[in-house]
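Just so you know, these numbers use all the heavy atoms, side chains as well, and skip hydrogens, waters and symmetry mates.
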Amino acid sequence: MSRVLIVGAGLTGSLCACLLRRELADRVQIVVWEKSRGAGGRMSTSRSPSNMSCTADLGAQYITSTPYYSKIHKSFYEELLQHDILKPLEATMEGMMLKDEASINYVTPSGMSSIVKHYLRESAGAEVFFGHHVTHVSRRGSGWEVCRKEGVPEQFDVVVLTMPVPQILQLQGDIGSLLKDSERQKLEAVSYSSRFALGLFYKAGVQISVPWAAKYISNNPCIRYIAIDDKKRNLVSDKFGPSVVVHTSVPFGLQHVEKTLEEMQPVILQELQKLMPELPEPENIKCQKWRYSQVTGSVADCPGQITLLSEPLLVCGGDAFTHSNFDGCVESALKVFQVLKSSL
């Protein structure tokens with residue numbers, strides 16, 4: 001039985017674990033290491049420290065399914081709809097622009113991380129560890145030795161890396177020597193947008209009276225998007241208060257990406273006050289920096305994945321090898337799985 005390590009518990013990593021469990025359970029021992037405290041990656045859902053039922057999606061906001069992907073990824077959409085993880089987006093979204101009028105938008109009533117958590121549940125038997133920050137990947141005989149910031153090195157037969165490409169390139173060990181010059185150039189050419197996000201959490205009973213659930217802002221140098229997140233997800237309840245999500249524009253994010261959250265939170269709040277002067281004082285605020293928000297330039301000529309070594313197997317996947325949305329991650333997970341299936 002092969003011991004497979006998946007680095008990253010975002011959508012690509014969690015779906016890889018699920019596919020392995022469903023089709024190769026008798027051949028693999030699945031281990032997932034995630035450096036954060038919880039699953040989701042850029043599909044994270046944050047909770048108010050004062051009321052865990054008050055949640056906000058600080059990363060991805062909704063899923064847009066084009067006619068093409070509705071067809072080829074039909075089984076994935078049907079599964080998530082059947083489990084009530086996805087629901088059609090029915091709330092008013094001001095300023096939203098669809099490239100294809102036939103596309104369908106979905107929201108996640110329990111938050112975007114519920115998709116990732118579903119796939120991790122479906123990989124039952126996989127060992128999932130949070131707070132495991134990988135630092136070294138080194139070849140040891142017929143397998144891999146993987147080190148993290150804290151803890152002893154562990155041995156694996158197969159390693160799958162699904163974190164952002166710059167983090168892959170920062171890994172120590174044998175990654176650098178395994179990369180061909182052409183592969184390194186492709187990986188180094190990957191580009192990402194950056195942005196900051198704010199989550200504002202309110203006490204039960206607070207009213208935020210605006211005619212929309214989310215709004216795209218076109219004339220502010222800082223803020224690009226605001227959502228009354230519980231309203232967007234049709235979650236309004238008297239048991240918890242509303243939550244507001246604010247995303248900065250990409251130019252603003254890139255300009256200030258090296259600044260701290262403590263520096264940027266008051267700046268964003270000041271701009272928000274200009275746009276929504278009647279907004280009540282929140283009970284709690286969370287500020288998030290997305291250094292690697294969305295892929296703006298993917299890896300060339302490597303659809304879905306890149307295999308850095310066949311024996312022992314080392315594969316890289318994620319949205320950097322496709323595109324930054326649900327279907328891009330599904331596409332990458334399927335490509336990675338095909339490589340694993342043919343090798344194990």
Check whether any side-chain heavy atom of [X] lies under 4.5 Å from a side-chain heavy atom of [Y], and answer yes or no.
X: Leu279; Y: Leu200; result: yes
X: Met264; Y: Phe252; result: yes
X: Cys147; Y: Pro153; result: yes
X: Phe201; Y: Ser46; result: yes
X: Val336; Y: Leu334; result: no
X: Trp212; Y: Ile228; result: yes
X: Ile208; Y: Lys231; result: no
X: Phe326; Y: Met112; result: no

Has [X] got a side-chain atom pairing as donor or acceptor with [Y]'s backbone, closer than 3.5 angstrom?
X: Arg139; Y: Asp174; result: no
X: Ser2; Y: Val4; result: no
X: Gln288; Y: Trp290; result: no
X: Arg21; Y: Ser123; result: no
X: Ser14; Y: Ala9; result: no
X: Ser332; Y: Cys329; result: no
X: Ser343; Y: Val339; result: yes
X: Arg148; Y: His133; result: no
X: Asp230; Y: Leu235; result: no
X: Arg42; Y: Ala60; result: no

Q | Within 6.0 Å of CZ in Phe130, more than 12 heavy atoms from elsewhere | A | yes
Q.
Would you say NZ of Lys203 has more than 12 non-hydrogen atoms from neighbouring residues, nucleotides or ligands within 6.0 angstrom?
A. no
Mind checking whether [X] and [Y] sit in one hydrophobic cluster, side chains of I, L, V, M, F, W, Y counted as touching below 4.5 Å?
X: Tyr225; Y: Ile285; result: no
X: Val315; Y: Phe337; result: yes
X: Leu120; Y: Val160; result: yes
X: Ile30; Y: Tyr119; result: yes
X: Leu19; Y: Ile85; result: yes

**Q.** Spatial distance of atom OG (Ser75) from atom CD (Gln82) [nearest 0.5 Å]
**A.** 11.5 Å
Do you see a donor-acceptor pair shorter than 3.5 Å between the side chains of [X] and [Y]?
X: Glu271; Y: Asn220; answer: yes
X: Thr296; Y: Ser191; answer: yes
X: Ser36; Y: Glu34; answer: yes

Search all heavy atoms of [X] against all heavy atoms of [Y] and return the closest pair with its distance.
X: Val206; Y: Pro280; result: CG1-CG, 3.8 Å
X: Pro303; Y: Lys335; result: O-CG, 3.8 Å
X: Val190; Y: Ser298; result: CG2-C, 4.2 Å
X: Tyr292; Y: Tyr192; result: CB-CD2, 3.6 Å
X: Thr108; Y: Asp57; result: OG1-OD2, 3.9 Å
X: Leu81; Y: Leu86; result: CD2-O, 3.4 Å

Q.
Before you tell me yes or no, could you show the steps for Leu161 and Leu314 under side chain to side chain contact (heavy atoms under 4.5 Å, CB included), namely the whole-Å CA-CA distance, both residues' side-chain angles and the distance that decides it to 0.1 Å?
A. CA-CA 8 Å; Leu161 304 173; Leu314 177 62; 4.2 Å; yes
Q) Mind checking whether Trp33 and Phe156 have parallel, tilted or perpendicular rings, split at 30° and 60°? A) perpendicular
Q: Could you point out which residue of Val31, Val28, Val158 forms a side-chain contact (heavy atoms from CB on, under 4.5 Å) with Arg3?
A: Val31
**Q.** Glu258/Arg291 salt bridge by N-O under 4.0 Å criterion
**A.** yes
(Q) For Arg184, is there an ion pair with Asp181 - N to carboxylate O distance below 4.0 angstrom? (A) no
Q. Among Gln255, Glu263, His256, whose side-chain hydrogen bond (donor to acceptor under 3.5 Å, both in side chains) with Lys259 holds?
A. His256
Q: Determine, step by step, whether Ile226 and Met276 satisfy the side chain to side chain contact (heavy atoms under 4.5 Å, CB included) criterion, reporting the C-alpha distance in whole Å, the side-chain angles of both residues, the deciding distance to 0.1 Å, and the verdict.
A: CA-CA 10 Å; Ile226 305 171; Met276 301 182 70; 3.9 Å; yes
Q | Stepwise side chain to side chain contact (heavy atoms under 4.5 Å, CB included) test for His247 and Gln61 | A | CA-CA 10 Å; His247 280 184; Gln61 292 293 296; 3.9 Å; yes
